[in-house]
Amino acid sequence: MHRLVASLISFLAIVAMPSVGVAGSCAGRPDALGTSRTLAVSAATTPRVGRKHFPDTLPLADKELVLTFDDGPWPTTTPRVLDALKAECVRATFFLLGRNTDAHPALARRALAEGHSIGHHTYSHPLLSNLPLAKAEAEINRGIARDEFALTGVARSTPSTPFFRFPGFASSQLLLDRLQDRGIVVFGADVWASDWEPMSPDVQLQKLLRRIEHVRRGIVLLHDTKAQTAAMLPRLLRELRTRGYRIVHVVPAVGIVTN
């Protein structure tokens, strides 16, 4: 019992740290992009991040990027995205839709098992600013509960990883305040690939690289449900390494959720 308590205290001490370095090396791939460090994020200090939508973003240095993926998991594309990230030892954050985790729970579990952070993106992707408050909160909680059930076997509206992104970035001040009160960090973005628009992987790659070079640091938004993104991602990761960019993995600065 004492050994279990000591292990728990050590774990909580680690996750509460403001940032923790991780090995940038990749076994068998010395030329891989890797993950340069982890950054612990808390709603107490950074409740809303991403300058496309909010005044502030994550405390990142020049040429540091956080990779995020929305709307998954999806059976034809998410495995390809996970394969590309694994090949380069890159850790990202996946904002899941509850209806997709209901349909494909093994993919959500794979993302978690491979070290990625899991955020939430509602159950069915409505624009929450168009809904009454009670319905909007119910949609958020249903998505969290279904994601949690797929990942842990327990359907609960308190997320193990308190990260959330609004579908279409359609927030309201009241919902933002409610999420902050719950200790949930709301993610916007600093740059995106516009991969909701049809285009070839080559066009998408060049568009995204131009945008990244313009901002030079921040949260990158992609969609693991898009075939063009899955096809582009291996080349994007290699090009980021060539250009001297580093990947930061965001994790929650909280302890273990028990309810």
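Residue indices begin at 1 and follow the sequence shown.
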> For the pair Glu139 (side chain) and Tyr123 (backbone), establish whether a donor and an acceptor sit closer than 3.5 Å, ignoring hydrogens and angles.
yes
> Between CD of Glu148 and CD1 of Ile118, what distance do you get to the nearest 0.5 Å?
10.0 Å
> Between the side chain of Ser42 and the main-chain N/O of Ala253, is any donor-acceptor distance below 3.5 Å?
no
> Membership question, hydrophobic clusters at under 4.5 Å side-chain separation (ILVMFWY): are Met199 and Trp196 in the same one?
no
> Nearest 0.5 Å, what's the CG-CD distance between Leu85 and Glu114?
8.5 Å
> Okay, side chain of Asp190, backbone of Ile219: is any donor-acceptor separation there less than 3.5 Å?
yes
> Quick one: does Arg178's side chain have a donor or acceptor within less than 3.5 Å of a partner on Glu137's backbone?
no
> Distance-only, no hydrogens or angles: does the His223 side chain make a donor-acceptor pair with backbone N or O of Thr229 under 3.5 Å?
no
> Check this for me, if you would: do Asp177 and Arg48 make a salt bridge, where the nitrogen-to-carboxylate-oxygen distance has to be below 4.0 angstrom?
yes
> Looking at OH of Tyr245 and OG of Ser36, how far apart are the two atoms once the value is rounded to the nearest 0.5 Å?
13.5 Å
> Between Gln180 and Pro47, is there a donor-acceptor pair closer than 3.5 Å when you use the side chain of the first and the backbone of the second?
no
> Are the aromatic rings of Trp74 and Phe69 close, with centres under 6.0 Å apart?
no
> Atom CG of Leu221 and atom CG of Asp195: how far apart are they, to the nearest 0.5 Å?
6.5 Å
> If the test is salt bridge (Lys or Arg N to Asp or Glu O under 4.0 Å), which one of Arg246, Arg217, Arg216 qualifies with Asp62?
Arg216
> Honestly, is Lys52 close enough over Trp192, meaning NZ or CZ under 6.0 Å from the six-membered ring centre and within 45° of the axis?
yes
